[in-house]
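Worksheet: the structure to be examined is printed underneath.
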Amino acid sequence: MIELKTPGEIDAIDAAGSVVARILAAVRERAAPGVRPSELDALASDMIAEAGAVSSFRGYHPRWAPGPYPGVLCVSVNDAVVHGIPSRTKLREGDLLSVDFAVHLDGWCADAAFSVVVGNGDPGSTAGSASSDEKLIATTEAALEAGIAAAQPGAQMGDVGHAIGQVARGAGYGMLADHGGHGVGRSMHEEPHVPNEAKPRRGLKLRPGLVIAIEPMLHAGGKDSYRHDRDGWTIRTADGSRAAHVEHTVAVTEDGPRILTLA
């Protein structure tokens, strides 16, 4: 069942989104060579408490997972696409870092993600290069922007997926198979599914009040396949190529798309 939100409810999600944006900005600033993802998780956890919010990730236990998620952030490095558990392995110069994060504030959820090259972008002995990683991230961000721009009242869900896919495929990148965005609001994952690739003018008609998380996940190697780590959570590219993931929570309004996860 798809729930359309009232203007007041959208404002409440926007308030949660402001918390998400502020904490992600702090995490991004702190991310540097020698910093452990577990330290980033601790920073975010402290900031959640200070904001009077609640983590949407910690304790989350979908049917396919081996147990409840242990962190407040998903921290995915290099060939990890999404759902990386924050580890104690120090970040290195040139790592490609993706961070996904969501909170509930006063009963409403917002969800966002960013990708960045750690440090000065010199990958040294790692598998990527600064220029290729930055291009991958920039293309993923462009795909997100295209998807958001397509989320107009009266458009259809396929238009969002088509816009994302055109950018990603046009640049020669793969996209994480079987995954996409989702509705968000009272729960972190609500209907409808938001595809990252689709035919235009197909699917659900977008109506004012629909709130969705749009999140392209691109693979540098050009393939869509993936594998799970033994932890049962972390998803990696099957070919070992690097990946980027960016996301915003977006409301469809009479005036067009409204991004709800901005500071």
Side-chain angles (χ1 to χ4, degrees), residues 1-24 44 48 51-65 69 71-74 81-83 98-114 140 143-153 155-161 163-164 176 178-196 198 203-217 245-253 256-263:
M1 178 177 174
I2 297 171
E3 178 189 28
L4 298 179
K5 277 67 176 181
T6 68
E9 290 170 340
I10 291 173
D11 287 343
I13 298 171
D14 183 78
S18 295
V19 173
V20 169
R22 185 167 67 251
I23 295 176
L24 280 180
I48 290 171
V54 177
S55 170
S56 304
F57 287 3
R58 182 184 284 150
Y60 177 61
H61 191 182
R63 288 176 296 174
W64 50 263
Y69 190 74
V72 303
L73 298 174
C74 289
V81 190
V82 289
H83 304 162
S98 298
V99 179
D100 191 4
F101 179 60
V103 302
H104 275 77
L105 180 70
D106 298 327
W108 294 98
C109 181
D111 191 2
F114 72 83
T140 310
L144 174 60
E145 291 170 3
I148 293 171
Q152 300 287 341
Q156 291 177 262
M157 191 64 77
D159 298 326
V160 176
I164 294 169
L176 184 62
D178 309 321
H179 290 72
H182 50 87
V184 62
R186 299 181 194 274
S187 300
M188 180 169 59
H189 291 132
E190 298 181 352
E191 293 295 331
H193 173 70
V194 181
N196 283 332
L204 177 74
K205 185 175 180 178
L206 306 185
R207 297 168 57 193
L210 181 67
V211 179
I212 53 177
I214 303 175
E215 50 179 326
M217 295 159 273
H245 171 213
V246 296
E247 177 182 18
H248 271 307
T249 295
V250 178
V252 178
T253 77
R258 174 183 170 187
I259 301 174
L260 305 180
T261 39
L262 298 174

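If you're wondering where the values come from, they're calculated on a predicted model, not measured in any experiment.
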Which heavy atom of [X] sits nearest a heavy atom of [Y], and at what distance?
X	Y	answer
Gln152	Gly256	OE1-CA, 3.5 Å
Leu105	Ala51	CD1-O, 3.9 Å
Val82	Met217	CG1-SD, 3.6 Å
Ser55	Gly71	OG-O, 4.3 Å
Pro192	Leu210	CD-CD1, 3.8 Å
Ala16	Ala110	C-CB, 3.8 Å

Between [X] and [Y], is any pair of side-chain heavy atoms under 4.5 Å apart?
X	Y	value
Phe101	Ile48	yes
Thr261	Asp111	no
Val160	Leu206	yes
Ile2	Leu204	yes

What distance separates [X] [atom1] from [Y] [atom2], expressed to the nearest 0.5 Å?
X	Y	atom1	atom2	answer
Glu190	His182	CD	NE2	9.5 Å
Leu73	Arg58	CG	CZ	9.5 Å
Asp159	Ile164	CG	CD1	11.0 Å
Ser187	Glu3	OG	CD	9.0 Å

Applying side chain to side chain contact (heavy atoms under 4.5 Å, CB included) between His245 and each of Thr140, Leu144, Asp100, report the one that passes.
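Single side chain to side chain contact (heavy atoms under 4.5 Å, CB included) partner of His245 among Thr140, Leu144, Asp100: Asp100.
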
Pick from Ile148, Ile214, Leu260, Ile212: which one makes a side chain to side chain contact (heavy atoms under 4.5 Å, CB included) with His248?
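Option passing the side chain to side chain contact (heavy atoms under 4.5 Å, CB included) with His248: Ile148.
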
For the pair Phe57 and Tyr69, name the ring-plane relationship: parallel under 30°, tilted 30 to 60°, perpendicular over 60°.
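Phe57 vs Tyr69 ring planes: perpendicular.
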
Can a salt bridge be assigned to the pair Arg258 and Asp11 using a cut-off of 4.0 Å between side-chain N and carboxylate O?
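Looking at Asp11 together with Arg258, the answer is yes, because their closest N to O distance falls below 4.0 Å.
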
Verify, without hydrogens or angle tests, whether Thr6 (side chain) and Glu9 (backbone) share a donor-acceptor contact under 3.5 angstrom.
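Pair found, side chain donor or acceptor close to backbone of Glu9.
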
Donor-acceptor contact present, side-chain Asn196 to main-chain Glu215, <3.5 Å
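Checked: pair present.
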
From the options His189, His83, His104, select the one residue that forms a ring pair (Phe, Tyr, Trp, His ring centres under 6.0 Å) with Tyr60.
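It is His189; the other options fail the test.
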
